[in-house]
Amino acid sequence: MDGKLWLVSLLVLTTTLWTLANAVPYAEPFNLTTIPFDEGYSPLFGDGNLVRSPDGKGVRLLLDQYTGSGFISSSLYDHGFFSAKIKLPSDNTAGICVAFYTSNADVFEKSHDELDIEFLGNTAGKPWRFQTNLYGNGSTSRGREERYRLWFDPSKDFHRYSILWTPKNIIFYVDEVPIREVVRKEAMGGDYPAKPMSLYATIWDASNWATNGGKEKTNYKYAPFVAEFKDLVLDGCPSDPIEQFPFAEACAEKLAYLNAQEYSTISRARQAAMRRFRQRYMYYSYCYDSLRYPVTMPECEISQAEKARFKNTGRLKFGGSHKKQPKRRSRNRGAASDNKVDI
């Protein structure tokens, strides 16, 4: 065989083997009911930078030098399954944050609950990273961050990102692969999100923290930055947070429906996929950050194999990135740039 051809064949084989070794097992799609944008959502800020798709089933959120943009669900929900297919901006995305999350901060300013999926942009040629987090009853001093890489380029195509929230557990999904489960423990007390929340999606300038600890700023030479959302899912019980009777009683039927769905229970196959994802793509976990939390948080299920990979700072012993974060500060949802936890 010609030397050059042999070298090319070897490189192709090596790349294929690496891809197979690092891939997360494929899972069958969930049976989901999607809704048109205007049926469940309304603009939050940056109206001129929010563009509905021609079929009304999706929306594009733009960030330029003047403002970001976002949308919010028309109702607050007492638990639910919140999901969307998202395609992130490409090229140089340093300083950008695209967030898909639930919150009730507008109603409970000092005791809000929150569930986050936040995508963090990067300099050209470097991959997007993302984090998940949760807060209950205003417990912002006890962030529960986990941070990850992805096994694909999220700017090349749409992928589904989902949050399941029930009284017993929280599961974050990428496509149909569970990447994190938090099982409610009594010792969590009010730290477990329990009040009705809205669903939010935003794109904004997070130059002060999102990329390399704020060293890399958003370059508006590449603007507008576009995040696309489609195949939207809002499956929960609409609730008024000011009502005095227990939400669970009013929403028992919907909660029973949620608990019966495939996404509410992690099968053995998906458990294996989650373990594989966390072994290969999680680069920070608060559960292994003994400097920040000398007493392990009550919901943490410590895996000795997982623990062996991390330093006492919660970051990987080899590779990954993590900087000490300052105290979380409140967000100004309508602004083009906000204050967030350092990464």
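Here, residue 1 is the first one in the sequence, and each next residue gets the next number.
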(message) Applying a strict under-4.5 Å side-chain criterion to I, L, V, M, F, W and Y, I'd like to know whether L44 and L62 cluster together.
(response) no

(request) Answer yes when K126 and E216 have at least one side-chain N-carboxylate O distance shorter than 4.0 Å, and no when they do not. (result) no

(request) Run the salt-bridge test on K87 and D157 with the 4.0 Å N-O cut-off and return the result as yes or no. (result) no

(request) Check whether any side-chain N or O of S139 sits under 3.5 Å from a backbone N or O of G136 as a donor-acceptor pair, and report yes or no. (result) yes

(request) Would you mind listing every disulfide bond (SG atoms under 2.5 Å apart) that reaches into residues 187-220, with sequence neighbours excluded? (result) none

(message) Can you confirm whether T140 sits close enough to H112 that some side-chain heavy atom of one is under 4.5 Å from a side-chain heavy atom of the other?
(response) yes

(message) Test your reading of the model: is there a side-chain donor-acceptor pair from K217 to the backbone of A206, 3.5 Å cut-off?
(response) no

(request) Determine, using ring centers only, whether Y148 and Y284 are less than 6.0 Å apart. (result) no

(request) Just jot down the salt bridge (Lys or Arg N to Asp or Glu O under 4.0 Å) partners of R184, sequence neighbours excluded, or say none. (result) none

(request) Establish, yes or no, whether the cationic atom of K185 lies under 6.0 Å from the six-membered ring centre of Y192 and within 45° of the ring axis. (result) no

(message) For the backbone of E114 and the side chain of S103, can you confirm whether one donor and one acceptor N or O come within less than 3.5 Å of each other?
(response) no

(request) Rounded to the nearest 0.5 Å, what's the gap from CZ on R147 to CD on E118? Could you check? (result) 10.0 Å

(message) Has T102 got a side-chain atom pairing as donor or acceptor with S198's backbone, closer than 3.5 angstrom?
(response) no

(request) Evaluate side chain to side chain donor-acceptor pair (under 3.5 Å) for Y257 paired with N259, printing each intermediate quantity in order. (result) CA-CA 5 Å; Y257 169 83; N259 287 331; over 6 Å; no

(request) Find out if a path of hydrophobic residues (ILVMFWY) with successive side-chain heavy-atom gaps under 4.5 Å connects V98 to F152. (result) yes

(message) Any side-chain to backbone donor/acceptor pair from D113 onto N137? Under 3.5 Å, distance only.
(response) yes

(request) Look at the side-chain heavy atoms of Ile, Leu, Val, Met, Phe, Trp and Tyr, link any pair under 4.5 Å apart, and say whether I86 and V51 land in one connected group. (result) no

(message) In the structure I gave you, are the side-chain heavy atoms of L120 and W209 within less than 4.5 Å of one another anywhere?
(response) yes

(request) Look only at the side chain of R149 and the backbone of R280, and say whether a donor-acceptor pair between them is shorter than 3.5 Å. (result) yes

(message) Using the ring pair (Phe, Tyr, Trp, His ring centres under 6.0 Å) definition, which of the options F100, Y161, W204 pairs with F119?
(response) Y161

(request) Could you give me the CA-CA distance, side-chain angles and deciding distance for E306 and R278, then say whether salt bridge (Lys or Arg N to Asp or Glu O under 4.0 Å) is met? (result) CA-CA 8 Å; E306 207 169 73; R278 295 173 69 81; 3.4 Å; yes

(message) Please determine whether a side-chain nitrogen of the Lys or Arg among E299 and R144 lies less than 4.0 Å from a carboxylate oxygen of the Asp or Glu.
(response) yes

(message) Per the salt bridge (Lys or Arg N to Asp or Glu O under 4.0 Å) rule, what does the pair list look like for residues 41-60, sequence neighbours excluded?
(response) D38-R52

(message) Between D106 and Y200, do the side chains contain a donor N or O and an acceptor N or O under 3.5 Å apart?
(response) yes

Quiz: residues 223-233 side-chain donor-acceptor pairs under 3.5 angstrom, not counting sequence neighbours:
none

(request) Would you check if there is a donor-acceptor pair between the side chains of N219 and N92 at a distance under 3.5 Å? (result) no

(request) Using a 4.5 Å cut-off on heavy atoms from C-beta on, say whether the side chain of S264 contacts that of L164. (result) yes

(message) Once rounded to the nearest 0.5 Å, what's the spacing between atom CG of L88 and atom CG of D153?
(response) 9.0 Å

(request) Only counting residues at least two apart or in another chain, list the ones meeting ring-ring contact (aromatic ring centres under 6.0 Å, His included) with F158. (result) none

(message) Quiz question: by atom type and distance under 3.5 Å, do the side chains of S162 and S83 form a donor-acceptor pair?
(response) yes

(message) Quick one: does any side-chain atom of N312 pair with a main-chain N or O of L291 as donor and acceptor, under 3.5 Å?
(response) no

(request) Supply the atom-to-atom distance F82 CZ to L199 CG, rounded to the nearest 0.5 angstrom. (result) 6.0 Å

(message) Within this structure, what is the CZ-CZ distance for the pair R292 and R142, rounded to the nearest 0.5 Å?
(response) 11.0 Å

(message) To the closest 0.5 Å, what do you measure between CE (M188) and CG (L134)?
(response) 5.5 Å

(message) Do the side chains of K254 and D78 get close enough for a salt bridge, i.e. N-O under 4.0 angstrom?
(response) no

(message) Has T132 got a side-chain atom pairing as donor or acceptor with I117's backbone, closer than 3.5 angstrom?
(response) no

(message) For the residue pair D205 / Y220, report whether a side-chain donor-acceptor contact shorter than 3.5 Å exists.
(response) yes

(request) State whether a side-chain donor-acceptor pair under 3.5 Å links H159 with D175. (result) yes

(message) With rounding to the nearest 0.5 angstrom, report the CG to OG1 distance, L63 to T218.
(response) 6.5 Å

(request) Find out if a path of hydrophobic residues (ILVMFWY) with successive side-chain heavy-atom gaps under 4.5 Å connects M282 to V183. (result) no

(request) Give me the ring orientation class for W151 and F277: parallel if the planes are under 30° apart, tilted from 30 to 60°, perpendicular past 60°. (result) perpendicular

Expected list for residues 165-173: side-chain donor-acceptor pairs under 3.5 angstrom, two or more places apart:
| residue | atom | partner | partner atom | Å |
| --- | --- | --- | --- | --- |
| W165 | NE1 | P193 | O | 3.1 |
| T166 | OG1 | K168 | N | 3.2 |
| T166 | OG1 | N169 | N | 3.1 |
| T166 | OG1 | N169 | O | 3.3 |
| T166 | OG1 | N169 | OD1 | 2.8 |
| N169 | ND2 | E181 | OE2 | 3.0 |
| Y173 | OH | Y263 | O | 2.6 |

(request) Please name the pair of heavy atoms, one in G143 and one in Y135, separated by the smallest distance, quoted to 0.1 Å. (result) CA-CE2, 3.7 Å

(request) Give a yes or no on whether the backbone of Q279 and the side-chain of R309 come within a donor-acceptor separation of less than 3.5 Å. (result) yes

(request) Treat each ILVMFWY residue as a node, draw an edge where side-chain heavy atoms are under 4.5 Å apart, and state whether I302 and F310 are in one component. (result) yes

